[in-house]
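These figures come from a predicted structure and were not determined experimentally. Just so it is clear, the values below take in all heavy atoms, side chains as well, and ignore hydrogens, waters and symmetry mates. In each ligand, atom 1 is the first atom listed, and ligand 1 is the first ligand listed.
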Amino acid sequence: MARASSSFVCQECGASQPKWTGRCEACGAWNTLLEEAAPAAGAAGEGGGRRGRRLHFVPLSGETPPLARLASGIGEFDRVAGGGLVPGSALLITGDPGIGKSTLLLQVAACLAASASCLYISGEEAIDQLRLRAERLGILAAPLRLAAATAVADIAASLERSPPDETPPDVVIVDSVQTLHVDGLDSAPGTVSQVRAAAQTLIRIAKRRGFVLLLVGHVTKEGLTAGPKVLEHMVDALLSFEGDRGHQFRILRAAKNRFGATDEIGVFEMTDTGLQQVANPSALFLADRGEHTTGSCVFAGIEGTRPLLVEIQALIATTQLGTPRRAVIGWDTGRLAMILAVLEARAGLTLAALDVFLNVAGGLKIGEPAADLAVAAALTSASLQRALPADMVVFGEVGLGGEVRAVARPEARLKEAAKLGFGRAVLPARKGGTQGTAMIVHELTHISELVAFVRNGARPGKTVRSLGHA
Ligand code: TYD
Ligand code: MG
C-alpha cells in the first residue's frame, strides 16, 4: 500500500509545503513547520464525488427578519458581541492561557442558561473542577449542562440531534479547540489540521442546527499549537481576551465581527469570585495614579465606541550601555521611536543617548495614533523634569513634521475627562474651536508648542481658549 502522503504545515499561518524548512515560506516564522498527514482523498471536501446541484439565486432586496440576539445580561460581554449572540453563529474567544477565558465563558453560560439551553463542553477540565469553579463564582444553581470530552466524533454525535426528552441547545461552548481530536487524522491535538478539522465540523453543525457556538482558543507564541489565525476566517466573530496576569483588568476586544462593530471593548476585573464588569473603566485605570510625578500624562482615548482615560508613564535615564534602551509596555515600539525622533528633530529635545521607558498603566494596550501627543507630553515632562498638571488630559496625533493632527471624536474624549473631574485638556487645534465643554482647552498645531507649554510649567500660552459654559 502506498504510504499516506504528508506535508509540512506551518502552525502559525496554516500554509503547507511539501518539504521541511526551518522557516515558513509563507509567513516567515521560524521553526513552525510540523509534518502532518494529508487528509484522505474522499474527505477532501463535502463535494467529494457528488454531482453539484443548481443554486437558487434570490434578489438582493428580500425580506429578512431582524436578527434575534441572545443577550447574556452581562453588558460588557453583550456589547462586544454586537448586542448579543446571533443564533447559528460561531465565535472564537482567544487569549493567553490563564487569562480567564474559561471563567468568562462559564459566567456567560450561567447567565444565558436562565433563558436559553446551554451546553458547556470542556476538554481541559474535569467536571469536578468545573463545579468547584462554578461554586467559587456563585453560579452553581444555573441550569447549565456540562460534559468533559475531547473527541470531535462524540461531540458531533451529541450535537447533531437531541433525544426527544432533551431541549435542543441554543448555545454550545467548547473549551478549548486545541484539546479536540478528530479521528482519522494522524497529527496530534492542537496542530493545524486537527484544529481546522475540529472547528469545521462543529461550525457546520452549529450553522445547520442554529445554535451559537463559542470556541475557546489559546494564543501561543511558540507556534507548536495552532493559533487562532487558522480559524479566523471560519468564525463569524473573533474576540480576544487580553490583560496582564499581574493586573486584575481584563479586556474583551472584538477583532472581527460579522454581526457587530469591531474594536468594541468590554472591561472586566478579575476578583476572587470571578470576573466583575467594570462600569467606569477610566476611574479604574486612573485609580493608582500619583500626583505631580514627572513623566506622567493622562491620555483621553477611545476604545471601540467608548472613551477611556489611561495614564501614560515615561521614564528617561542615563544609559549604562553603548546603545540606549527603549522599552515599551502597552504601546507600539516603532511609534515610540517616531515620537522620540520628532521631539528631537522638531522640538529640540535631546533624547537619542538616553534610555527611554514607556508604560501604559494598568496593562492596557493602546493602538490609537491619538495617543501620540500624550506620549510626547509624558516624554517631554520626563525629559524636562516638569510635572504636568494632575487635572489635565492630552490627545492628538503627531506627524513626522511635528504637526499636531486632529483625531476622531474630541467631544466624547473631553466629556469623559470632564465627568472624571479633569479641568483642562491639550488637544489639536480645530476650526471653530472646541465646543461644549466646561474645560480649559489648550489647542496646539505643532509639537514645539507642547514642549514650550511643558517648559513654562503648563502655563497657558497664546493658543489658550477658555470655554466657560457647561
Ligand atoms: P481561567 O478561566 O482558567 O483561564 P483560561 O481559561 O484563559 O486559561 O482563569 C484562570 C485564572 O483566573 C487563574 O489564575 C485563577 C484566576 N481566577 C480568579 O482570580 N478568580 C476566580 O474567581 C477564578 C475562577 C479564577
Ligand atoms: Mg481555560
Side-chain angles (χ1 to χ4, degrees), residues 72 74 76-77 80-81 90-113 118-142 144-150 152 155 171-181 189-190 194-195 198-199 202 213-229 231 235 237-255 265-278 284 287 362-365:
S72 67
I74 300 180
E76 294 291 299
F77 177 84
V80 176
L91 291 89
L92 177 66
I93 287 125
T94 66
D96 292 335
I99 206 73
K101 300 179 294 297
S102 306
T103 308
L104 174 72
L105 287 181
L106 199 59
Q107 286 182 267
V108 167
C111 289
L112 282 167
C118 271
L119 303 179
Y120 190 107
I121 301 167
S122 178
E124 300 203 331
E125 285 146 314
I127 300 293
D128 291 340
Q129 273 175 297
L130 289 172
R131 287 204 176 117
L132 270 177
R133 175 174 302 178
E135 195 178 343
R136 186 170 169 188
L137 301 173
I139 53 172
L140 260 185
L144 181 65
R145 287 177 292 161
L146 308 176
T150 55
V152 173
I155 299 173
V171 179
V172 176
I173 293 165
V174 178
D175 183 4
S176 70
V177 71
Q178 274 106 357
T179 56
L180 302 180
H181 66 87
Q194 285 282 1
V195 163
L202 297 179
L213 179 67
L214 289 159
L215 289 170
V216 174
H218 294 295
V219 176
T220 50
K221 304 234 157 40
E222 264 65 52
L224 274 178
T225 326
K229 267 210 186 108
L231 297 181
V235 294
L238 181 67
L239 311 182
S240 65
F241 204 36
E242 305 167 356
D244 192 294
R245 259 194 280 173
H247 287 102
Q248 71 273 39
F249 317 120
R250 299 285 181 273
I251 299 199
L252 186 68
R253 197 186 288 271
I265 67 160
V267 184
F268 296 89
E269 188 178 358
M270 182 62 98
T271 67
D272 286 349
T273 52
L275 292 156
Q276 306 288 337
Q277 300 186 67
V278 176
L284 190 75
L364 190 74
K365 283 194 192 73

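Here the side chains of V174 and V216 are not in contact, with every heavy-atom distance at 4.5 Å or above. Contact annotation: the side chain of T94 never approaches that of F241 to less than 4.5 Å [non-hydrogen atoms, C-beta and beyond].
Side-chain N/O atoms of S122 and D175 include no donor and acceptor closer than 3.5 Å.
In summary, of the residues considered (Q178, H218, K101, Q129), a side chain to side chain donor-acceptor pair (under 3.5 Å) with E124 occurs for H218 alone. For the side chain to side chain contact (heavy atoms under 4.5 Å, CB included) with L91, the lone residue among L239, I173, V235 that qualifies is L239.
Legend: protein N/O/S atoms lying under 2.8 Å from the Mg ion (ligand 2), waters omitted, number 1.
In this structure, ligand 1 sits under 4.0 Å from heavy atoms belonging to D96, P97, G98, I99, G100, K101, S102, T103, R133, R136, L137, M270, T271, D272, T273, G274.
Salt-bridge annotation for E242 and R250: absent, with no side-chain N of the basic residue lying under 4.0 Å from a carboxylate O of the acidic one.
Under a 3.5 Å cut-off, the side chain of Q277 and the backbone N or O of F268 do not form any donor-acceptor pair. A side-chain donor-acceptor contact under 3.5 Å links Q107 to the backbone of L275.
Atom-to-atom distance recorded for M270:CE and Q248:CD is 11.0 Å, nearest 0.5 angstrom.
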